Amino acid sequence: MSTPQLDKTYDPKAVEARWYATWIERGYFHASTTHPGQPYCIVIPPPNVTGSLHVGHALNHSLQDILIRWRRMQGRNTLWLPGTDHAGIATQNVVEKQLMAEGTSRESLGRERFIERVWQWKATSGDTIVNQQKQLGESCDWERLRFTMDEGLSKAVLEVFVRLYEDGLIYRGERLINWCPRCLTALSDIEVEHEDIKGKLYSIEYPLEEDPTIKLTVATTRPETMLGDTAVAVHPEDDRFKHLIGKRVRLPLTNRAIPIVGDAILVDREFGTGVVKITPAHDFNDFEAGERHRLPRLAIFDHQALLDSDKLVDASVDHAVIEALRGLPVTKARPKVETLLRDLGALVKIEDHKMAIGKCYRCKTVVEPYLSPQWFVKIQALADPAIKAVEDGRIRIIPEGWTNNYLGWMREIKDWCISRQIWWGHQIPAWYCETCNSTLIHKQVTTSTDGLPVVRLTLLQGAKPIVARSAPTCCSNCGSQNFLRDPDVLDTWFSSGLWPFSTLGWPEQTPELKRYYPTSVLVTGLDILFFWVARMIMLGLKFMGDVPFRDVYIHALVRDAEGQKMSKSKGNVIDPLHVMEQFGTDALRFTLASMASPGRDIKLAEERIEGYRNFANKIWNAARFGLMYLDGPKAAHPPPARSFPDRWILSRLNHTIQTITSELEAYRFDRAASVLYHFIWHEYCDWYLELIKPALQDAAHPDGPGARQTLVETLETTMRLLHPFMPFLTEEIWQTIPHQGDSIVIQSYPAPNETWRAPEAEELFTLLEQTVGLVRTGRVLLNYSPGQPISFYMSHDDPSRNSRLHQLQRNLAHLSRGTADLAPRTDWPTVNLLRLVTEGLSVGLVVSGDVDLKKALDRIVKQQEEQLKEMGRLKGKLGNQEFVAKAPPDVILDHQTRLRSLEHDQTMLASSEQQLRAMLGTP
RNA sequence: GGGCGGAUAGCUCAGUUGGAAGAGCGCUGCCCUUACAAGGCAGAGGUCACAGGUUCGAUCCCUGUUCCGCCUACCA
């Protein structure tokens, strides 16, 4: 048998692509509904189809792949279902930017041709992220790749919309919604990001109609909206103002008088002036107050957030004022109105005031509350079961701290605005009879760049929609056959909310749906808990009658090393592709796993990844080492006896397997990773491989066969244990060492093996480690050069010199063979002794006759530790040179005494050592 | 405004029935010892944010304070 050759360093590039292709070719990731194992299914949070893999994806996907690979090895029927999201506004914005660069726009292209253009872009760039996911080693079932605008998923969207409508859970209504004046679309509440800014609080005087000398002072942060005021409010129990309720004030700059109403909800007597203006068309609170008092809604801004002169006329604004304000955006309208009010003498005060503004989560434009007809999902009936499912534990949120977050949000949830005035997405399945709604339909026809007509459709509030699975042919009311389809599309999150069942074939009752729903766990970042997770729970319960997943595992956000959000403009983005190229995919995956502690953001620095690249290389070289000794005779039958190091490493391995398994069950990827790291590097490499070297390197050593067998057995097991974290490296090594089966991907995951437990070996190891540690420390502190043999006297206990050699042998034999074997072994060298001798050391351990060995060792170890620690501290402070010279007298004394005693013993032990060496057959 | 999380070595973070402070990286010293210099060995470095309380004993439990982060929100 020839020893396979491995390079001195691990080269990930050569390995990764090769194995991934093989895995795919052999269909290891393809799930079969007939596989007998208990199902384990994860649906991937679908990335934007036109996006590329960033480090957040890398984290999210690495964790899922660890779970999937682990469960697959455990024999579960695993399905990891991949897919991409059409990401309405985001994708539309990307394509619109391209068009802008080409000097055109979506308007001039027209709806159909624009959508075609987006599909083209999807066709050319849609594979990018999928290919990058493959580079990361993701073991997804690519044959089941889904896209939110696939035929099947679109059918699910249609079905859900129609059913919700039929159940009265979807309605169309004119409401004040968040409006992005740049994207020209409605946004749901959670699509608005809030930001604190320094604003101003303006106090404006509104004269009383019946007696203009009496003035009410209102406080507002948005004076420009005052032109749309339709009332002012005071607290109904405010003695200052309550007698004025029912009277009217004149609205400055306009020709209107507006009522004074009493409203305990809107008005806080303590704040500002105690008088609030009500602008129902431009403020959410005021909208609600307007509902309560049946106030008219006067919109003065248009859909681009510009002051609309027609509307200003409707609002009876003074002519001159309209001239001054016509077409101004909010930002310019505010100072202008401020000037006008000041000229009028109505502006009494401006104070600094911190306030929050909302921005579009896609383009960061300041959003405006805007009055328009939109589609909504009536949410309460859906939210209640979704609250209950989490409360009663059918869905577990991990870490559980987020549970309250979820419940709190769900209990306060408001109707979900699902219509978007964009083109890319699922168009709402609602049609309007042109005849019946003729006065409510506004068509604006323009011409595209190439001469085609472009229709801009506005459907006013009150238009009667016909919601259906397909376009109606005949109006049941008037018999007309002319219909217009609602131009709006659905919120992106509407389709992704169906993801756990739409991807499995719903509304068809597919075998996949039966087998894999509910899915096992959803792995996601906190940022889309409300956007996505909450919607999936609500819609899953509604349409499947069961939760969409058992666990929700929420991981941290990835930030840069300084804890800042990664962004292109800051230049602090870590590109996972670049990292994989530089350090290898396994290193990146392991880094992300090891940093995935719950409840903390991940601050990622390249040095960390480099550290784990080194870890990969360490493993690689451990395997190389193993391979050097595997060409000996095959494992004997019956298996050879295990020596102390063999028993010890197996015991540690067993412990490691137990820990990894329970940590993974608890989604503690970080602890699992750290346990693996520690076991492999510091137990397996640093100690075990060193301890068995003597047995391996001497062909006639009696421990040789046992060591060889244990070596390969532990290596093979460790590779399986590590595989979910580092799939490529482990496959490459596993294929090189003796194994059974075609690929590590489909091997069983190591299970704890109670027969490997060896507490006595672990105890002895601790003693050995301490003893050896003391010897090493002593040698460094005493400035012994590496090759120089030393003897290290460890105790003043007794000392019958004659018995020393005997004791030494005895103790070391004890260390190497376990408590059962206390008889001196003179036939073969013990591993520990050889190891120490190899280092040029010999160790004297003196124990008086009947004393308990372990206790004695323990005491010696403690004594030495303390003294050495003290010496070490001194040395650290003073430096090597000055150590002896400047040490306090008692320490010097101690040091010198020690040296004398060392010299004395050295003579004695040197001869012992010679005898030993002779006995051991080592020169 | 409300809620949640965090504060432990120079840096990043572990640390669950309260019981003698841990890891990785970095740093210092010595080593190219036939798996690995992407390595080995050793070492330095901590009032566990601050102030109280409970306890024989607190990094851990309780109260308050300060600072940071996140989520959420209509104080005009």
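Every chain is numbered from 1, with letters handed out A, B, ... down the list of sequences. What you are looking at is a predicted structure, and each value in this text was computed from that prediction instead of being measured. Side-chain atoms are counted along with the backbone in the values below, which use heavy atoms only and exclude waters and symmetry mates.
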**Request:** Assign A:Phe287 to base, sugar-phosphate, or nothing according to its heavy-atom contacts below 4.0 angstrom with the strands shown.
**Result:** nothing
**Message:** Taking only side-chain N and O atoms of A:Lys200, does any of them lie within less than 4.0 angstrom of OP1 or OP2 on B:rA76?
**Reply:** no
**Request:** Please lay out, stage by stage, how A:Arg297 and A:Glu291 fare under the test salt bridge (charged side-chain N to carboxylate O under 4.0 Å, His left out).
**Result:** CA-CA 9 Å; A:Arg297 302 165 188 161; A:Glu291 295 267 271; 2.6 Å; yes
**Request:** Verify whether one side chain among A:Thr279 and A:Asp229 offers a donor that lies under 3.5 Å from an acceptor in the other.
**Result:** yes
**Asked** Are A:Lys8 and B:rA37 close enough that a side-chain N or O sits under 4.0 Å from OP1 or OP2?
**Response** yes
**Item:** C1' gap between B:rA21 and B:rU47, integer Å
**Value:** 13 Å
**Message:** Just the rounded figure in Å: distance from P of B:rG39 to CG of A:Asp686.
**Reply:** 11 Å
**Prompt:** For A:Tyr612 and A:Phe583, what are the C-alpha separation, side-chain angles and deciding distance, and is it a ring pair (Phe, Tyr, Trp, His ring centres under 6.0 Å)?
**Reply:** CA-CA 8 Å; A:Tyr612 289 114; A:Phe583 299 116; over 10 Å; no
**Message:** Using atom C1' in both nucleotides, what's the gap between B:rU17 and B:rC74 to the nearest angstrom?
**Reply:** 46 Å
**Prompt:** Of all the nucleotides listed (B:rA38, B:rA35, B:rC71), which has the minimum atom distance to the side chain of A:Lys693?
**Reply:** B:rA35
**Request:** Pick base, sugar-phosphate or nothing for A:His282, based on heavy-atom distances below 4.0 Å to the nucleic acid.
**Result:** nothing
**Message:** Roughly how many Å apart are B:rC13 and B:rC32, using the C1' atom of each and rounding to a whole number?
**Reply:** 33 Å
**Message:** Can you say whether a donor on the side chain of A:Arg613 sits under 3.5 Å from an acceptor on the base of B:rA38, or the other way round?
**Reply:** yes
**Fill in**
Result for 5'-nearest mapping on RNA chain B, choosing between A:Lys277 and A:Thr9, is A:Thr9
**Item:** Donor-acceptor side-chain pairing of A:Glu191 and A:Tyr361 below 3.5 angstrom
**Value:** yes
**Request:** Measure from the side chain of A:Asn405, starting at C-beta and using heavy atoms only, and say which of B:rC71, B:rU12, B:rA76 lies closest.
**Result:** B:rC71
**Message:** Show, in sequence, the C-alpha distance, side-chain angles and deciding distance for A:Lys13 and A:Asp11, and conclude whether the salt bridge (charged side-chain N to carboxylate O under 4.0 Å, His left out) test is met.
**Reply:** CA-CA 6 Å; A:Lys13 264 180 269 181; A:Asp11 177 15; 5.7 Å; no
**Asked** Is the closest basic N to carboxylate O distance between A:Arg334 and A:Glu224 below 4.0 Å?
**Response** yes
**Asked** How far, in whole Å, is B:rA38 from B:rG24 if one measures between their C1' atoms?
**Response** 15 Å
**Request:** Could you work out which one of B:rU72, B:rA76, B:rA35 sits closest to the side chain of A:Trp409?
**Result:** B:rU72
**Message:** Which is more 5' along RNA chain B, the nucleotide nearest A:Arg671 or the one nearest A:Trp681? Just name the residue.
**Reply:** A:Arg671
**Message:** For a quick test of reading the model: is some side-chain N or O of A:His194 closer than 4.0 Å to OP1 or OP2 of B:rU72?
**Reply:** no
**Span that lies between the C1' atom of B:rU59 and that of B:rG46, in whole angstrom** = 11 Å
**Message:** Would you measure the distance from the P atom in B:rC30 across to the matching atom in B:rA49 and give it in whole Å?
**Reply:** 36 Å
**Request:** Give a yes or no on whether a donor-acceptor pair under 3.5 Å exists between the nucleobase atoms of B:rC36, that is its base, and the side chain of A:Lys618.
**Result:** yes
**Message:** Let's test your reading of the pairing rules: Watson-Crick or G-U wobble, both distances under 3.5 Å, then write RNA chain B as a dot-bracket string with ( ), [ ], | and dots.
**Reply:** (((((((..((((.....[..)))).(((((.......))))).....(((((..]....))))))))))))....
**Request:** Examine B:rG24: is either OP1 or OP2 under 4.0 Å from a nitrogen or oxygen in the side chain of A:His682? Give yes or no.
**Result:** yes
**Asked** What pairs with A:Arg292 under salt bridge (Lys or Arg N to Asp or Glu O under 4.0 Å), at least two apart in sequence or on another chain?
**Response** A:Asp263
**Prompt:** Expressed in whole Å, how much space separates the P atoms belonging to B:rC60 and B:rA7?
**Reply:** 11 Å
**Prompt:** Expressed as a whole number of Å, how far does the P atom of B:rG40 sit from that of B:rC70?
**Reply:** 39 Å
**Which residues share a salt bridge (Lys or Arg N to Asp or Glu O under 4.0 Å) with A:Arg652, sequence neighbours left out** = A:Glu683, A:Glu762
